[in-house]
Amino acid sequence: MSQADEIFKKMCRDIIDNGTDTRGQEVRPHWPDGEAAYTIKQFGVVNRYDLREEFPAVTLRRTAIKSATDEILWIWQKKSNDIKELHSHIWDEWAGEDGTIGKAYGYQLARKYCWNDITQEGLKRVYGDDMIVQEVHDGEERLYHDHVLYNADRQMYMMDQVDKVLYDLKVHPFSRRIMTNLYDFADLPEMNLYPCAYSCTFNVTEENGQMVLNMILNQRSQDTLTANNWNVCQYAVLLSMIARDVDMVPGVLVHVIADAHIYDRHVPLVEELISREEHPAPTFWLNPDKKDFYSFTRDDVRLDGYETGEQIKDIPVAI
């Protein structure tokens, strides 16, 4: 029996039975027909998934693991905001005339920042001695690897947030400062949708002689029916890929949701879903021939023995 199913059922039951109804309030989301999209919500939901025990894919209905992986790699690996680089159409509603979602998600992870704790010794440890040296920006910055710049003015090395996570996990893995943040207030006016899953914090423990990589995913808001297990599976895949890159074991994924809600038109669908029979958890397969985070593709993941209930079709999506 899947622990992910039990967690999902308990969360949904608590939202429906004990949550706060927003009907009568002024709400931003609406349905395609123009009617206001009200929710029943719970504040401060925290769910824990131990990837050493099982992969947290619900079996009540199927989660499309390759599509979920494709989106998380679009954000974290391609660091893209261009919907043409996705294999699905889940972001089409939020695309602007330029085909992007604005300065959101992958755009934020692509930006390089100065870090005062990156050293030349650390870079050699991560990238080796054959770092490329190339003058750029009229000599103000120097490229020390495809992923690293040197800002001569500030005398600091520059990386984006993803590369800094990989660097920190390899150089000083027990740091309590290994995190990412997509919620840049200065760029919010130019984001077509404010980030929902906006922050990850990584933490390493040593257990039985193994280095274990754990993660907290912070989410300000979540449409429970359409997105909960999609996000859980995405970040479980991400945690597994990063752990592989840094020679660690994927451990606990803690999912913190500030506003976990079920839309009014979703309540009957959720009631039927959580009444379904549960199945054993599937086995997660990550291509054993790959180690480098940047080498993984959507085809390098698979859920074996994934028996599920029927898919729910034509779920109305609030905008």
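A continuous path of Ile, Leu, Val, Met, Phe, Trp and Tyr side chains, each step under 4.5 Å between heavy atoms, connects Val148 with Ile118, placing both in one hydrophobic cluster. Note on Leu86: it clusters hydrophobically with Tyr235, by side-chain heavy-atom contacts below 4.5 Å among ILVMFWY residues. Placement of Leu169 and Phe174 within a single hydrophobic cluster is found when ILVMFWY residues are connected by side-chain heavy-atom separations under 4.5 Å, directly or transitively. Using a 4.5 Å cut-off between side-chain heavy atoms of Ile, Leu, Val, Met, Phe, Trp and Tyr, with links allowed through other members, Trp230 and Val270 fall into different hydrophobic clusters. Using a 4.5 Å cut-off between side-chain heavy atoms of Ile, Leu, Val, Met, Phe, Trp and Tyr, with links allowed through other members, Phe202 and Met179 fall into different hydrophobic clusters.
When all heavy atoms of Val212 and Gly251 are compared, the pair lying nearest together is CG1-CA, 3.5 Å. Smallest separation of non-hydrogen atoms from Ser2 and Glu54: OG-OE2, 3.5 Å. Heavy-atom minimum distance, Cys12 versus Ile262: O-CD1, 4.1 Å. Of all non-hydrogen atoms in Met159 and Trp115, the two that sit nearest each other are O-NE1, 3.0 Å. Between Ala197 and Leu217, the closest heavy-atom pair is CB-CD1, 3.9 Å. The two residues Asn287 and Arg244 have their closest heavy-atom pair at O-NH1, 2.8 Å.
The shortest side-chain heavy-atom distance between His261 and Ile15 does not fall under the 4.5 Å cut-off. With a 4.5 Å cut-off on side-chain heavy atoms, Leu60 and Thr308 do not count as touching. For the pair Pro250 and Leu213, the minimum side-chain heavy-atom distance is 4.5 Å or more. Here the side chains of Trp76 and Tyr294 are not in contact, with every heavy-atom distance at 4.5 Å or above. The side-chain heavy atoms of Val162 and Thr180, taken from C-beta on, include no pair separated by under 4.5 Å. No side-chain heavy atom of Leu303 sits less than 4.5 Å from a side-chain heavy atom of Thr283. Using a 4.5 Å cut-off on side-chain heavy atoms (C-beta onward), Gln219 and Val256 make no contact. Counting heavy atoms from C-beta outward, Gln42 and Asn18 have side chains that approach closer than 4.5 Å.
Counting only N and O atoms by type, the side chains of Asp98 and Thr100 include a donor and acceptor under 3.5 Å apart. In this structure, a donor-acceptor pair under 3.5 Å is present between the side chains of Thr59 and Asp5. Side-chain atoms of Asp70 and Ser67 form no donor-acceptor pair, as typed in the model, at a separation below 3.5 Å. Between the side chains of Thr63 and Asn229, at least one donor N or O lies within less than 3.5 Å of an accepting N or O.
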Test Asn181 against Gln161 for side chain to side chain donor-acceptor pair (under 3.5 Å), laying out the working first. CA-CA 8 Å; Asn181 187 6; Gln161 296 184 61; over 6 Å; no
Quiz prompt | Candidate pair Lys164 and Asp168, rule salt bridge (Lys or Arg N to Asp or Glu O under 4.0 Å), full reasoning | solution = CA-CA 6 Å; Lys164 186 57 162 57; Asp168 285 340; 2.9 Å; yes
**Step-by-step side chain to side chain contact (heavy atoms under 4.5 Å, CB included) determination, Asp160 to Leu109** = CA-CA 6 Å; Asp160 65 41; Leu109 290 178; 6.0 Å; no
Practice problem: Quick one: do Asn228 and Met11 satisfy side chain to side chain contact (heavy atoms under 4.5 Å, CB included)? Show the steps, please. | Solution: CA-CA 10 Å; Asn228 180 263; Met11 173 179 60; 3.4 Å; yes
For Gln222 and Asn231, run side chain to side chain contact (heavy atoms under 4.5 Å, CB included): C-alpha distance rounded to whole Å, both residues' side-chain angles, the deciding distance at 0.1 Å, then the answer. CA-CA 9 Å; Gln222 185 174 79; Asn231 289 148; 2.8 Å; yes
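Applying the ring pair (Phe, Tyr, Trp, His ring centres under 6.0 Å) test to Trp31 and every residue at least two apart in sequence or in another chain returns Tyr263, His266. Among residues two or more places apart in sequence or in another chain, the side-chain hydrogen bond (donor to acceptor under 3.5 Å, both in side chains) test is passed with Asp187 by Gln108, Arg111. With sequence neighbours excluded, the residues satisfying ring pair (Phe, Tyr, Trp, His ring centres under 6.0 Å) with Tyr105 are Trp91. Every side chain to side chain contact (heavy atoms under 4.5 Å, CB included) that Pro32 has, sequence neighbours left out, goes to Ile319. Every residue two or more places apart in sequence or in another chain that forms a side chain to side chain contact (heavy atoms under 4.5 Å, CB included) with Gln155 is listed here: Tyr150. Legend: residues meeting side chain to side chain contact (heavy atoms under 4.5 Å, CB included) with Ile7, ordered by chain and number and at least two apart, are Asn47, Tyr49.
Leu73 CG to Lys66 NZ: the interatomic distance, rounded to the nearest 0.5 Å, is 11.0 Å. In this structure, CE on Met156 lies 13.5 Å from OG1 on Thr119, to the nearest 0.5 angstrom. Once rounded to the nearest 0.5 Å, the distance linking CG of Leu273 with CD1 of Ile312 reads 4.5 Å. One distance of note links CE of Met191 with CD1 of Ile101; it measures 9.0 Å at 0.5 Å rounding. Taking CG of Leu238 as the reference point, atom CD of Gln77 lies at 10.0 Å (rounded to 0.5 Å). A distance of 6.5 Å separates OG of Ser240 from CG of Leu286, quoted to the nearest 0.5 Å.
Residue Glu310 places its CD atom among 12 or fewer non-hydrogen atoms of other residues, nucleotides or ligands, all under 6.0 Å distant. Atom CZ of Arg48 sits in a sparse spot, with 12 or fewer heavy atoms from other residues, nucleotides or ligands closer than 6.0 Å. Within a 6.0 Å radius of CG in Asp33, other residues, nucleotides and ligands contribute more than 12 heavy atoms. Within 6.0 Å of atom NZ in Lys79, more than 12 heavy atoms from other residues, nucleotides or ligands are found, so the atom counts as buried in its surroundings. In this structure, Glu93 places its CD atom where only 12 or fewer heavy-atom neighbours from other residues, nucleotides or ligands lie under 6.0 Å away.
Under a 4.0 Å N-O distance rule, the pair Arg265/Glu35 qualifies as a salt bridge. Salt-bridge formation is detected for the pair Arg302/Asp304: a Lys NZ or Arg NE/NH1/NH2 atom is positioned less than 4.0 Å from an Asp or Glu carboxylate oxygen. With salt bridges taken as basic N to acidic carboxylate O contacts below 4.0 Å, one links Glu272 and Arg276. Looking at Lys41 and Asp223, no side-chain N of the basic residue comes within less than 4.0 Å of a carboxylate O on the acidic one, giving no salt bridge. By the 4.0 Å N-to-carboxylate-O rule, Arg52 lies close enough to Glu207 to be salt-bridged with it.
For the side chain to side chain donor-acceptor pair (under 3.5 Å) criterion with Asp245, the lone passing option out of Lys290, Lys291, Lys170 is Lys170.
Between the Asp21 side chain and the Ile40 main chain, no donor and acceptor come within less than 3.5 Å of each other.
Classified by interplanar angle (parallel below 30°, tilted 30° to 60°, perpendicular above 60°), the ring pair Phe284/Phe55 is parallel. Between His172 and Tyr167, the two ring planes are perpendicular [angle over 60°; tilted spans 30° to 60°]. Relative orientation of the His147 and His145 rings is parallel, given thresholds of 30° and 60° on the angle between their planes.
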